[in-house]
Number of protein chains: 4
Amino acid sequence: MANETVDDIEGEQLRQLIERIERLEEEKSVLAEHVREVYAEAKSGGFDPKIIRKVIRLRKMDPRDIDEEETLIQVYMQALGME
Amino acid sequence: MANETVDDIEGEQLRQLIERIERLEEEKSVLAEHVREVYAEAKSGGFDPKIIRKVIRLRKMDPRDIDEEETLIQVYMQALGME
Amino acid sequence: MANETVDDIEGEQLRQLIERIERLEEEKSVLAEHVREVYAEAKSGGFDPKIIRKVIRLRKMDPRDIDEEETLIQVYMQALGME
Amino acid sequence: MANETVDDIEGEQLRQLIERIERLEEEKSVLAEHVREVYAEAKSGGFDPKIIRKVIRLRKMDPRDIDEEETLIQVYMQALGME
DNA sequence: GATGCGCTTTAAATGC
DNA sequence: GCATTTAAAGCGCATC
């Protein structure tokens, strides 16, 4: 109909924004489910999911940063007399 | 080549599992970025992102559960003399 | 002894800082355990812990802010035709 | 007074439970604030708060578990040809 | 140089 | 008890 109010229009904008978000979140959920399945598959194949997570995190980091951080931890440990 | 060891094979399995996870996580990141963009768009359009998040959460809930929860909160509030 | 190095001193500073943090965190853990116990007690007394958490959150908020937020949610819901 | 209702009594129970929780949470907040202050002090003394957090986490772990985990990560890395 | 804001990570709580 | 989901904290950036 012709007599839409400004509120109708804003309502329509809001609806579209929300539906876009909901659609994207739904897609994220599907992917997250797939990730869980791969971890389950890895576990049943004898791999440790926890370690896999740490390895993936390390692969995302700059090797230089990894070294730097490990070195600092060692320095602090030694300063504490923890070897 | 013919003389792959069991370790090679397991390494290959591990690599494939990890790469599948990394690919899925990358896709999730892209979607998450899109979600952020929609929220930014909503904000620039005068909508409150925080409220939008609450509305989306409410839309996912069973209306019956929403009522039930609100009622209970009211009961507890009154028991506390908080109106 | 007299020949402490600067590193010894820094190590000692670091140790003291870390031990202070660990002590404070330990005290926090004890309190958190007590909180869990009170929730368990409430539950066994027939109260719903989840609702209690929400009530406590509301009690921490400025009543003015609570109203404002609820109003906005209603406005958005109506704009979406969700009643 | 004598004519309290059951609801009054339950309301009183609820109030006491909630106030105990709020009191404990308040104490936790105070301690958390102190923790933040110690980290700030450490930072101004030239220590890296992020590394301190990691060191504290390591100190809470069983050294045996730390070694085991590091070893596994190395094994996985090598299986992936990441050194 | 400090403060608010958004994102990321870590811890807790709920449900199975 | 484990796994998922949710709340909180820390961190970095961008701004004033």
Side-chain angles (χ1 to χ4, degrees), chain A residues 21 24-26 28-44 48-50 52-54 56-58 60-62 65 69, chain B residues 25-26 28-44 48-54 56-58 60-62 65 68-69 72, chain C residues 21 24-26 28-43 47-58 60-61, chain D residues 21 24-26 28-44 47-58 60-61:
Chain A
I21 292 169
L24 290 165
E25 291 291 355
E26 173 58 26
K28 275 177 62 183
S29 293
V30 171
L31 291 173
E33 174 61 24
H34 289 167
V35 169
R36 278 192 293 276
E37 288 168 359
V38 179
Y39 274 112
E41 186 179 335
K43 187 174 185 177
S44 73
D48 183 332
K50 180 179 165 190
I52 291 182
R53 287 180 196 279
K54 298 221 172 191
I56 289 177
R57 197 175 309 140
L58 289 171
K60 281 204 297 191
M61 290 179 66
D62 179 341
D65 291 340
E69 186 174 302
Chain B
E25 291 291 356
E26 173 57 26
K28 277 178 60 184
S29 294
V30 171
L31 291 172
E33 174 60 23
H34 289 167
V35 169
R36 277 192 294 275
E37 289 167 358
V38 179
Y39 274 111
E41 187 179 336
K43 187 173 184 178
S44 73
D48 183 333
K50 181 180 165 189
I51 303 297
I52 291 182
R53 287 179 195 278
K54 297 220 173 192
I56 288 177
R57 197 176 307 141
L58 289 171
K60 281 204 297 191
M61 288 180 67
D62 179 341
D65 292 340
E68 194 174 334
E69 187 173 300
L72 259 185
Chain C
I21 293 169
L24 290 165
E25 292 290 356
E26 174 58 25
K28 275 177 61 184
S29 295
V30 171
L31 291 172
E33 174 60 24
H34 289 169
V35 170
R36 279 192 292 275
E37 288 167 359
V38 180
Y39 275 111
E41 185 179 337
K43 186 174 186 177
F47 298 106
D48 184 333
K50 182 179 165 187
I51 301 299
I52 291 181
R53 287 179 196 280
K54 297 220 173 193
V55 168
I56 288 176
R57 199 174 308 141
L58 288 171
K60 279 203 298 191
M61 289 179 65
Chain D
I21 292 168
L24 290 165
E25 292 290 356
E26 174 57 26
K28 277 176 60 183
S29 294
V30 171
L31 291 172
E33 175 60 24
H34 289 169
V35 169
R36 278 191 293 275
E37 288 167 358
V38 180
Y39 274 111
E41 186 178 338
K43 187 174 184 177
S44 73
F47 298 106
D48 183 333
K50 181 178 164 190
I51 301 297
I52 291 181
R53 288 178 195 281
K54 298 219 173 193
V55 168
I56 288 177
R57 198 176 307 141
L58 288 171
K60 280 203 297 191
M61 289 179 66

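Quick caveat: nothing in here was measured; it's all calculated off a predicted structure. Note on naming: letters A, B, ... go to the chains in the order of the sequence lines (proteins, then strands), and numbering restarts at 1 for each one.
Protein chain A contacts DNA chain F over a range whose 5' and 3' limits, counting nucleotides with an atom under 4.0 angstrom from a non-hydrogen atom, are F:dA3 to F:dT5.
Both C:Glu25 and C:Arg57 lie near DNA chain F, and the one whose nearest nucleotide falls closer to the 5' end is C:Arg57.
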Measure all distances between protein nitrogen or oxygen atoms and nitrogen or oxygen atoms of nucleotides 2-7 of chain E, and list the pairs falling under 3.5 Å.
{"from": "E:dG6", "atom 1": "OP1", "to": "B:Lys43", "atom 2": "NZ", "distance (Å)": "2.7"}

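At least one side-chain heavy atom of B:Val30 sits less than 4.5 Å from a side-chain heavy atom of B:His34.
Once rounded to the nearest 0.5 Å, the distance linking CG of B:Leu58 with CG of B:Asp65 reads 11.5 Å. To the nearest 0.5 Å, atom CG of residue D:Leu31 and atom CD of residue D:Glu26 are 10.0 Å apart. Expressed to the nearest 0.5 Å, how far CD1 of D:Ile21 lies from CD1 of C:Ile56 amounts to 4.0 Å.
Take A:Glu41 and apply the side chain to side chain donor-acceptor pair (under 3.5 Å) test, not counting sequence neighbours, and it matches B:Arg20. When the side chain to side chain donor-acceptor pair (under 3.5 Å) test is applied to A:Glu37, no partner is found at least two apart in sequence or on another chain. Under the side-chain contact (heavy atoms from CB on, under 4.5 Å) criterion, C:Arg36 pairs with C:Ala32, C:Glu33, sequence neighbours left out. Among residues two or more places apart in sequence or in another chain, the side-chain contact (heavy atoms from CB on, under 4.5 Å) test is passed with A:Glu69 by A:Met61, A:Ile73, D:Lys50, D:Ile51, D:Lys54.
One can place NZ of B:Lys28 at 11 Å from P of E:dT9, the figure rounded to the nearest angstrom. In this entry the distance linking CG of C:Leu31 with P of E:dA12 reads 13 Å, nearest Å.
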